[in-house]
Amino acid sequence: AMDTDLSSQDRKDLDKFIKFFALKTVQVIVQARLGEKICTRSSSSPTGSDWFNLAIKDIPEVTHEAKKALAGQLPAVGRSMCVEISLKTSEGDSMELEIWCLEMNEKCDKEIKVSYTVYNRLSLLLKSLLAITRVTPAYRLSRKQGHEYVILYRIYFGEVQLSGLGEGFQTVRVGTVGTPVGTITLSCAYRINLAFMSTRQFERTPPIMGIIIDHFVDRPYPSSSPMHACNYRAGEDNGAVYPSVEDSQEVCTTSFSTSPPSQCVFTVTKAHFQTPPPVVTDTLKVPVMGLAFSHQLSSSRLSYQPAALGVGSADMGYPVLFAGGLNAAHPHQLIGPGKEGGVPPVPSQPAHGTQADQERMCTPLDGVHYSAATPSSSEDTETVSNSSEGKCGSPHDLLETIFVRKVGAFVNKPINQVTMANLDIPFAMFAPKNVELEDNDPMVNPPASPETESPLQGSLHSEGSSGSSTGNTHDDFVMVDFKPAFSKDDILPMDLGTFYREFQNPPQLSSLSIDIGAQSMAEDLDSLPEKLAVHEKNVKEFDAFVETLQ
Amino acid sequence: PLSSRCCAPSSAAPAMNCRAEVLEVSVEGRQVEEAMLAVLHTVLLHRSTGKFHYKKEGTYSIGTVGTQDVDCDFIDFAYVRVSSEELDRALRKAVGEFKDALRGSGSDGMGQISLEFYQKKKSRWPFSDECIPWELWTIKVNVVNLANEQERQICREKVGEKLCEKIINIVEVMNRHEYLPKMPTQSEVDNVFDTSLKDVQPYLYKISYQITDSLGTSVTTTMRRLIKDTLAL
């Protein structure tokens, strides 16, 4: 008779394996989106703390978040652990890129040996995860983050939510491991709207956004910003230190036996760590303080006070890369990711939206004027095709409007020709370079001289809202909607930017307008016969005059 | 048939349970090395363990395998490999020879490189040990020549995308959890694993390659033994 019930020891071991497998899975995924190359060393002597015989570092904050999300539970049927990877631009727009799902289904493999086969297969699955995390589109995106966008992660436990990935998302299976209590499956669903995007666009170009952020947004971190410290300062107590790994960390010491074959002596010991608070090793260059800071970025949405961690619920997004502080000499400079560190100074967000919408920072930048866009945004969105993207309602529309405006300073782009913005892609700047767009680019092909319009041209305010009307050709330049430097609201009833827009289209001089010209010509023609009659009357005088000249 | 090529010339034993996977890539000449290394390293990542340390009573412990990211210079692609300089050197040597052979005369740019995992079965004197393959990976390569820089740029991206697909294919195969050699006793470990490396322990493997000449026939078969091979005689 076969004993199909799991022995209690096996059960305990299996639960432990699954728990640590879940934690390691999160580490691998998050570390793969840090934007840096990962390197760990092989060691022929087992140290006892390397679960699954793989050298995977534990970023304490990530473990903390994962444990918080799991809240002592394990993945089970209907209760999956998900790691959501999303992208957030420096303007505050965000978008889900991937959902990594660790699920359990009911298909059990009663015969499998827990402490041996399951353990080794979980190890193999982690290797597969290492490989697969480098081949989804988000990897290349995450390697180039820091300048215009950052990559965030969010861990949640429960039902898998894939709706934020847009239509047509693809799934890749990382692998499965059968156990006596169910089959563990690990997979990734990823957005493909960006799959064709050329990563060339993310080479280090001077960011237009940087100008905005430079001047108009409060420095998004407090004066005692931890961002200045690139490295984790062990022992520094500023209230933002994560509780270190539990004093008695569970350690996995594996011993395998071959006699008789496939039996296993497996010991799990609790080691008491006297080590100092967990230090992120050199190979990762992850500033834990940076991670701590970035937690506040997402959770507070407003201020950047270093709050005690634990603020915010478990399902907050955490920027994954803060590779260092800003260059102290040039605090406003955006530095690319890498050794010098790159902190995109994400501007503070006004607290729009509901608590639940915390990830969706679709509101415009605080210091940015959308005075032209806002009243007409509803009309703009009519010309813009309807998007069924995600759950963004009006914020999404505003996104598209924002993009239309931000096609670049001083660019003549009649709105109806900005096809990218019209599409369902709110992050059109991530879309592949559209050759037609280049043809429409006045920098490439200067437009023909605009036809003169009726003298009753309004300013950009009213014209802009008509969207696709072709009467916009008089707009040689579209001013990017931001506050011009050094303008102040409180002195003038309008600021420099508004002033400029209002008066950049003065009415035509009447003498130059065709209508009036045509009118006078008609008058001239009508008056000719009269004039001729007058001249005829005086013909004798004219003749006499001519004779005097001969 | 694949079996006869598996272990020649040391054995003509039929390949039992030898699963074979074939991958095909078209690359530019300068991409050959990186593409081959990416595939081979990904396979070996899954087919290497930590070093075994046998203790008394037949138990053993397993060392730790580190990993690292590798960026390709000529392909928009990155992959993970095992952190072992010895292993990397061995693969680079084999791939370098393959690339040279592809470039050499008599080649129209088509060839294949194979990674075979095998077990050794000791035979008694005077017979030499048998090599019994249990998994064979073949990468067929087609070298293309590109005319201009724009095409090269496109090729960088396309080959990168293709390699992503290959990695996914490899992982799919690995996930089938099909036959793997039994974990060996201390006396048998060298029949299953390559224990010559100091930091990791891949399954016994050998790499070989073939270049196709313009007639489509297989001209050169070169066997390279990259592991210490003990000869019974």
Side-chain angles (χ1 to χ4, degrees), chain A residues 28 32 36-50 52-56 116-117 120-121 123-125 127-137 139-140 143 172-178 186 195-196 198-200 253-265 283, chain B residues 38 41-42 45-55 57-71 76-85 87 153 157 160-161 163-168 170-172 174-177 180 182-186 188-189 197-201:
Chain A
V28 169
E36 296 186 339
K37 286 164 71 164
I38 305 295
C39 180
T40 59
R41 296 184 55 207
S42 302
S43 161
S44 71
S45 340
T47 59
S49 59
D50 292 323
F52 309 105
N53 309 119
L54 285 172
I56 298 172
Y116 177 77
T117 312
N120 287 331
R121 288 189 180 174
S123 175
L124 196 69
L125 188 51
K127 292 173 178 173
S128 295
L129 182 63
L130 282 163
I132 296 287
T133 44
R134 273 65 177 174
V135 305
T136 53
Y139 180 71
R140 296 190 63 75
R143 288 292 300 270
V172 61
R173 163 111 72 117
V174 182
T176 62
V177 173
L186 185 54
F196 310 105
S198 162
T199 48
R200 275 172 291 163
T253 319
T254 54
S255 289
F256 295 90
S257 166
T258 56
S259 61
S262 79
Q263 225 183 40
C264 174
V265 172
T283 55
Chain B
H41 267 305
T42 300
L45 167 69
H46 290 82
R47 292 287 179 250
S48 301
T49 75
K51 298 280 294 176
F52 282 13
H53 296 277
Y54 285 92
K55 300 183 284 204
E57 293 158 10
T59 62
Y60 62 94
S61 59
I62 306 182
T64 299
V65 172
T67 57
Q68 56 191 73
D69 280 308
V70 181
D71 286 341
D76 286 348
F77 186 71
Y79 60 94
V80 175
R81 70 168 173 91
V82 163
S83 287
S84 165
E85 293 314 310
L87 185 63
Q153 179 60 40
E157 294 170 15
E161 287 167 23
L163 285 177
C164 288
E165 289 172 30
K166 301 306 162 196
I167 303 304
I168 295 176
I170 293 170
V171 164
E172 268 169 11
M174 297 300 178
N175 181 57
R176 288 185 210 149
H177 301 305
L180 284 178
K182 240 169 25 179
M183 283 299 147
T185 59
Q186 189 167 13
E188 293 280 309
V189 68
L197 300 152
K198 71 176 197 304
D199 42 16
V200 296
Q201 191 174 287

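Here is the naming used below: chain letters follow the sequence lines, and residue numbers restart at 1 for every chain.
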Can you see which heavy atom on B:His46 is nearest to which on A:Ala131, and at what distance? CE1-CB, 4.4 Å
Comparing B:Ile167, B:Asp199, B:Leu197, B:Thr67 against chain A, the one with the most heavy-atom pairs below 4.5 Å turns out to be B:Thr67
So for B:His177, is it side chain, backbone, both, or neither that comes closer than 4.5 Å to the heavy atoms of chain A? both
Indicate yes or no for a side-chain donor-acceptor contact from A:Ser44 to the backbone of B:Gly63 under 3.5 Å, with no hydrogens or angles considered. no
Minimal heavy-atom distance between A:Lys127 and B:Ser48, with the atoms involved, is NZ-O, 2.5 Å
Taking A:Ser42 for its side chain and B:Gly66 for its backbone only, find out whether a donor-acceptor pair lies under 3.5 Å. yes
For chain B, the option from A:Ile132, A:Val177, A:Thr117 that forms the most heavy-atom pairs under 4.5 Å: A:Ile132
Can you tell me how far CG of A:Asn53 sits from NZ of B:Lys51, rounded to the nearest 0.5 angstrom? 14.0 Å
Would you list the pairs meeting salt bridge (Lys or Arg N to Asp or Glu O under 4.0 Å) in which at least one residue belongs to residues 59-71 of chain B, sequence neighbours left out? A:Lys37-B:Asp71, A:Arg134-B:Asp69, A:Arg143-B:Asp71
Paired with A:Ser128, the side chain to side chain contact (heavy atoms under 4.5 Å, CB included) test is passed by just one of B:Val171, B:Leu45, B:Ile170, namely B:Val171
How long is the gap from CD on B:Gln68 to CD1 on A:Ile38, to the nearest 0.5 Å? 11.0 Å
4.5 Å side-chain heavy-atom contact, A:Val135 and B:Phe77: yes
Does the side chain of B:Thr64 come under 3.5 Å of the side chain of A:Asp50 through a donor N or O and an acceptor N or O? yes
With sequence neighbours excluded, tell me which residues meet salt bridge (charged side-chain N to carboxylate O under 4.0 Å, His left out) with B:Glu172. none
Determine the minimum heavy-atom distance between A:Leu130 and B:Val80, stating which atoms define it. O-CG2, 3.5 Å
Identify which part of B:Val200 has an atom lying under 4.5 Å from any heavy atom of chain A, answering side chain, backbone, both or neither. side chain
Does the side chain of B:Asn175 reach to within under 4.5 Å of the side chain of A:Thr176, using non-hydrogen atoms? yes
Let's test your reading of the structure: which of B:Thr42, B:Ile168, B:Leu180 forms the most heavy-atom pairs below 4.5 Å with chain A? B:Ile168
